Amino acid sequence: QGELVESGGGSVQTGGSLELSCAVSGYSYSRACMAWFRQAPGEEREGVASIYTNGGSTYYADSVKGRFTISQDKAKNTVYLRMNSLKSEDTAMYYCAANFHPIYCAPHRPTKSAFNNWGQGTQVTVSS
């Protein structure tokens with residue numbers, strides 16, 4: 001049984017930076033659609049960034065474009081989300097998601113139903 005293990009969340013002040021990691025084990029990583037979603041209390045889970053591991057095409061939600069960067073280290077089967085210029089509205093639980101047999105991926109917007117593998121989530125809190 002494979003798993004996705006996230007790390008890197010925490011608390012930061014407005015304008016600060018954090019980097020999330022998602023390590024994949026037990027799955028074939030070579031042609032996967034990897035994504036980061038976030039969910040604030042009382043809100044729907046939304047996809048903020050995704051990457052197709054074979055080729056590296058990416059997607060960003062408008063709300064994070066220019067501030068967040070998704071990247072990967074193929075040797076480590078790990079996807080990262082670098083978050084700069086953080087705002088209070090970025091506060092949420094962040095989830096790594098994967099589809100290891102994707103029909104489509106970035107640059108298309110990721111939707112929850114397209115992903116069948118999820119990490120446990122990591123909390124990001126941005127305060128002024």
Side-chain angles (χ1 to χ4, degrees):
Q1 182 72 15
E3 62 177 349
L4 310 179
V5 179
E6 301 137 336
S7 60
S11 297
V12 65
Q13 291 191 322
T14 302
S17 298
L18 284 173
E19 183 171 79
L20 308 182
S21 300
C22 174
V24 178
S25 62
Y27 294 109
S28 175
Y29 179 86
S30 61
R31 287 180 172 80
C33 187
M34 302 295 299
W36 287 97
F37 285 75
R38 67 185 180 187
Q39 188 168 20
E43 298 194 11
E44 292 291 318
R45 191 172 296 191
E46 63 165 343
V48 297
S50 66
I51 186 168
Y52 181 50
T53 61
N54 184 26
S57 57
T58 58
Y59 161 90
Y60 295 97
D62 287 344
S63 57
V64 307
K65 204 170 290 184
R67 300 187 298 121
F68 289 13
T69 302
I70 190 169
S71 62
Q72 62 174 332
D73 184 334
K74 289 187 177 182
K76 297 182 178 179
N77 285 5
T78 299
V79 173
Y80 303 94
L81 186 68
R82 177 69 180 181
M83 306 183 291
N84 295 328
S85 303
L86 282 161
K87 306 175 181 180
S88 58
E89 50 263 45
D90 295 318
T91 295
M93 185 71 78
Y94 283 71
Y95 297 91
C96 176
N99 184 327
F100 297 103
H101 302 282
I103 296 173
Y104 67 88
C105 192
H108 301 285
R109 182 179 68 88
T111 57
K112 280 191 307 181
S113 59
F115 294 85
N116 52 1
N117 298 280
W118 294 85
Q120 78 282 3
T122 185
Q123 178 68 37
V124 172
T125 302
V126 185
S127 58
S128 56

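Everything quoted here is computed from the prediction, not taken from an experiment.
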Is Ser85 reaching over with its side chain to a backbone N or O of Arg67, donor-acceptor style, under 3.5 angstrom?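 No, because the side chain of Ser85 does not come within donor-acceptor range (under 3.5 Å) of the backbone of Arg67.
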Fit a plane to each ring of Phe100 and Tyr27, take the angle between them on a 0 to 90° scale, and name the class: parallel (under 30°), tilted (30 to 60°) or perpendicular (over 60°).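 Parallel: the ring planes of Phe100 and Tyr27 meet at under 30°.
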Between Gln13 and Leu86, is the side-chain contact (heavy atoms from CB on, under 4.5 Å) condition met? List the steps. CA-CA 8 Å; Gln13 291 191 322; Leu86 282 161; over 6 Å; no
Establish whether [X] and [Y] are linked, either directly or via other cluster members, by ILVMFWY side-chain heavy-atom contacts under 4.5 Å.
{"X": "Val48", "Y": "Met34", "result": "yes"}
{"X": "Ile51", "Y": "Phe115", "result": "no"}
{"X": "Tyr60", "Y": "Val79", "result": "yes"}
{"X": "Val24", "Y": "Tyr94", "result": "yes"}

Can you name the nearest heavy-atom pair linking [X] to [Y], along with the distance?
{"X": "Gln72", "Y": "Tyr52", "answer": "NE2-O, 4.2 Å"}
{"X": "Ala35", "Y": "Pro110", "answer": "CB-CB, 4.3 Å"}
{"X": "Tyr95", "Y": "Gln120", "answer": "CE2-O, 3.7 Å"}
{"X": "Cys22", "Y": "Leu4", "answer": "SG-CB, 3.9 Å"}
{"X": "Asn84", "Y": "Arg82", "answer": "OD1-NE, 3.1 Å"}
{"X": "Ala106", "Y": "Ser50", "answer": "CB-OG, 3.6 Å"}

Minimum side-chain heavy-atom gap [X]-[Y] below 4.5 Å:
{"X": "Leu20", "Y": "Val124", "answer": "yes"}
{"X": "Arg109", "Y": "Tyr59", "answer": "yes"}
{"X": "Trp36", "Y": "Phe68", "answer": "no"}
{"X": "Glu89", "Y": "Val126", "answer": "no"}

If I take atom [atom1] from residue [X] and atom [atom2] from residue [Y], how far apart are they, to the nearest 0.5 angstrom?
{"X": "Ser30", "Y": "Lys74", "atom1": "OG", "atom2": "NZ", "value": "8.5 Å"}
{"X": "Leu81", "Y": "Glu19", "atom1": "CG", "atom2": "CD", "value": "8.5 Å"}
{"X": "Asn99", "Y": "Arg31", "atom1": "CG", "atom2": "CZ", "value": "14.0 Å"}

Checking salt bridge (charged side-chain N to carboxylate O under 4.0 Å, His left out) against Arg38, which of Glu43, Glu6, Glu46 comes through?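 Of all the options given, the one that passes is Glu46.
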Between Met83 and Asp90, does a side-chain contact (heavy atoms from CB on, under 4.5 Å) hold up when you go through it step by step? CA-CA 9 Å; Met83 306 183 291; Asp90 295 318; over 6 Å; no
